[in-house]
K.L.:
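This is the structure I want to talk about, given as structure tokens.
In what follows, chains carry the letters A, B, and so on, assigned in the order in which the sequence lines appear, proteins first and then strands, with residues in each chain numbered from 1.
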There are 2 protein chains.
Amino acid sequence: MPGIAEVRSFNRVVTREIGALADRFLGRDRSLGASRLLFEIGPAGSEIRRLRARLGLDSGYASRLLRGLEAEGLIRSFASTSDARVRLVTLTPAGRKELAVLNRLSDEAAASLLNRLTGSQRTSLISAMHTVERLLLASAVRLHLENPRSRAAQSCIARYFEELAARFEAGFDPTLSIPVAAEELTPPRGCFILATLHGEPVGCGALRCHAACGEIKRMWVAPSARGLGIGRRILQRLEELARRRRIPLLRLETNKALSEAQALYRSSGYREVSPFNDEPYAHHWFQKRLRTRGR
Amino acid sequence: MPGIAEVRSFNRVVTREIGALADRFLGRDRSLGASRLLFEIGPAGSEIRRLRARLGLDSGYASRLLRGLEAEGLIRSFASTSDARVRLVTLTPAGRKELAVLNRLSDEAAASLLNRLTGSQRTSLISAMHTVERLLLASAVRLHLENPRSRAAQSCIARYFEELAARFEAGFDPTLSIPVAAEELTPPRGCFILATLHGEPVGCGALRCHAACGEIKRMWVAPSARGLGIGRRILQRLEELARRRRIPLLRLETNKALSEAQALYRSSGYREVSPFNDEPYAHHWFQKRLRTRGR
DNA sequence: CAAAGTCTCTGACTATGGTCAGAGAATGCC
DNA sequence: GGCATTCTCTGACCATAGTCAGAGACTTTG
């Protein structure tokens, strides 16, 4: 495959140069792990289990690092009021100050890198970095079948509904929309695809199967993860699942406010058709005929 | 400064994603340090001091890692014939085999990253990676004043002459060219600038000062480091040094085969003039008037 | 030829990052 | 209410990465 050598060369160079930058904030008398933790806690505080998940830390190791920061007087920890097993940590004023210092050092390291370049080199570096970053994230996104009742699925659906409420002219009240029961999105009656980035849900999409057609529902991508082609990947996966079930036709409806969704559907081969249901929040109805040959 | 946030965000994402890729070749029962060393030794073998310099290792640490690899039967080490203090290491057949395995694993990791992208995403990722890599390297290049007699300077000059010999129609014999003594490139009579990338010399340039003008000599950039703007930086540094000495005019001559050098001179404000010396290898003579105001 | 410097190796030491098993408290599920 | 699960913490442990001082062999320089 072309590109492998380029990727490897990139890896070598970047680990070396970025490593050199990262060294800068050693020199505070704190380990890299503790500094990363301080960054991850952030000004707003966080649950410990969330920190562990995001940094991929062993529970014992995380606990020790946190106790170290607590001994330094940088953080405070206390039990969550809603679930006393979960502990929360927040920065103390001293912790906020230290985080500000780390941020300043990081800024300076980045600036010193940029300073060694000419203006046009700087511009192209920044834009290329942005591209690499987005595409690396895109390649780290995983799709998997999920039970629509799971916590992750429910949180996606909730955020999806929130967004609909904010974007639809008339707001959005799920009870007025055509209902979709969880069982209808669970095999064998349908399926629910969850997209995750480092374990965090960043998008979803569902398929409800009828005798003669399938319906695409719950297509949503988190705002932070847009532009990575996740929506298209979810849609393709759902279509593949529909093909395996020998469903010949896919249908979906959408609101006029969701212009990027319409663009996705159109560019994925969906054609607008006359309304096939009386969904009160829909303005556009689409369908796509599937080739059910092959597996 | 604009771009700092982008650089920092890039660093976060890249260390995470590339780190995940690098984990793949743990799983051989060998430390990352030892694997890196194996890569760095390469099929052709290497001097130990060179390995240390390139990987930035402490001599004790390097020695221990090498003994580990030797105990595994992957490398062999022996004293250099030209300087018995220096030790050389080469891969044994088993070492070559192991390096091939590591290369395959790295290739697979890179391929799996690319495989998760669409064709057009892949193309833009590779081109953006290439840009980032080149520009990070460019920003890692350092210029410093060097004694032209030093080993590093001499090796640059030797490689420069080799290249001239290869590229000039008539070949190149330094003894036929106008001689330049090392003292003429040493303060106070002149200066020699060396460009290094991670400690390795990758380019040079020199200034020879006369009463009324300065001469630019020995402008060279290693083939592996071209396209990073190093030549331009060296030239600018030499001009700055000339300005400080209140030299009003810079001159240089060059061969017609060195087209990229001519492009650099022209775009840096040098104008072609009639021959001011009888350098047998020159086809073009340039000069640039300096503004000697300022410090 | 002596002194200074280079290169490698050894031994002693340290911090960091990380794993594992288990305990205790709280919670959710039947 | 009982049981499995979740979450955190503790103690014991380990490998890796790295530092430092010094010794020995060799080379360059004056």
K.L.:
Does C:dA15 have OP1 or OP2 sitting under 4.0 Å from an N or O in the side chain of A:S31?
P.N.:
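For A:S31, the contact criterion (side-chain N or O under 4.0 Å from OP1 or OP2 of C:dA15) is not met.
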K.L.:
How bent is the helix from C:dC1-D:dG30 to C:dC30-D:dG1, measuring the angle between the end axes built from five pairs each, rounded to 10°?
P.N.:
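Answer rounded to 10°: the end axes differ by 30°.
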K.L.:
Report, as a single string ordered 5' to 3', how protein heavy atoms within less than 4.0 Å touch nucleotides 6-13 of chain D: B base, S sugar-phosphate only, - not at all.
P.N.:
BSBBBBB-
K.L.:
Without decimals, in angstroms, what is the distance between A:L65 CG and C:dT16 P?
P.N.:
10 Å
K.L.:
Is it true that B:S46 and B:E40 share a donor-acceptor pair across their side chains at a distance under 3.5 Å?
P.N.:
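The answer is no; no qualifying pair exists.
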K.L.:
Rounded to the Å, how far apart are B:R149 CZ and D:dT28 P?
P.N.:
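Those two atoms, CZ and P, are 18 Å apart.
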K.L.:
Could you work out, with side chain to side chain contact (heavy atoms under 4.5 Å, CB included) as the rule, every residue matching A:P223, not counting sequence neighbours?
P.N.:
A:W220, A:R226
K.L.:
Tell me, which pairs form a side chain to side chain donor-acceptor pair (under 3.5 Å) where one or both residues lie in residues 83-99 of chain A, sequence neighbours left out?
P.N.:
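Every pair satisfying side chain to side chain donor-acceptor pair (under 3.5 Å) with a residue in residues 83-99 of chain A: A:R28-A:E98, A:R30-A:E98, A:S77-A:R87, A:D83-A:R85.
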K.L.:
Measure the distance from CG on B:L57 to P on C:dT8 and round it to the nearest whole Å.
P.N.:
12 Å
K.L.:
Mind checking what makes side-chain hydrogen bond (donor to acceptor under 3.5 Å, both in side chains) contact with B:T196, not counting sequence neighbours?
P.N.:
B:H144
K.L.:
With sequence neighbours left out, what residues match B:S224 under side-chain hydrogen bond (donor to acceptor under 3.5 Å, both in side chains)?
P.N.:
none
K.L.:
Got a sec, which residues hit side-chain hydrogen bond (donor to acceptor under 3.5 Å, both in side chains) with B:S82, two or more places apart in sequence or on another chain?
P.N.:
B:S80
K.L.:
Can you name the side-chain hydrogen bond (donor to acceptor under 3.5 Å, both in side chains) partners of A:N115, sequence neighbours left out?
P.N.:
none
K.L.:
Could you list the residues that satisfy ring-ring contact (aromatic ring centres under 6.0 Å, His included) with B:Y61, not counting sequence neighbours?
P.N.:
none
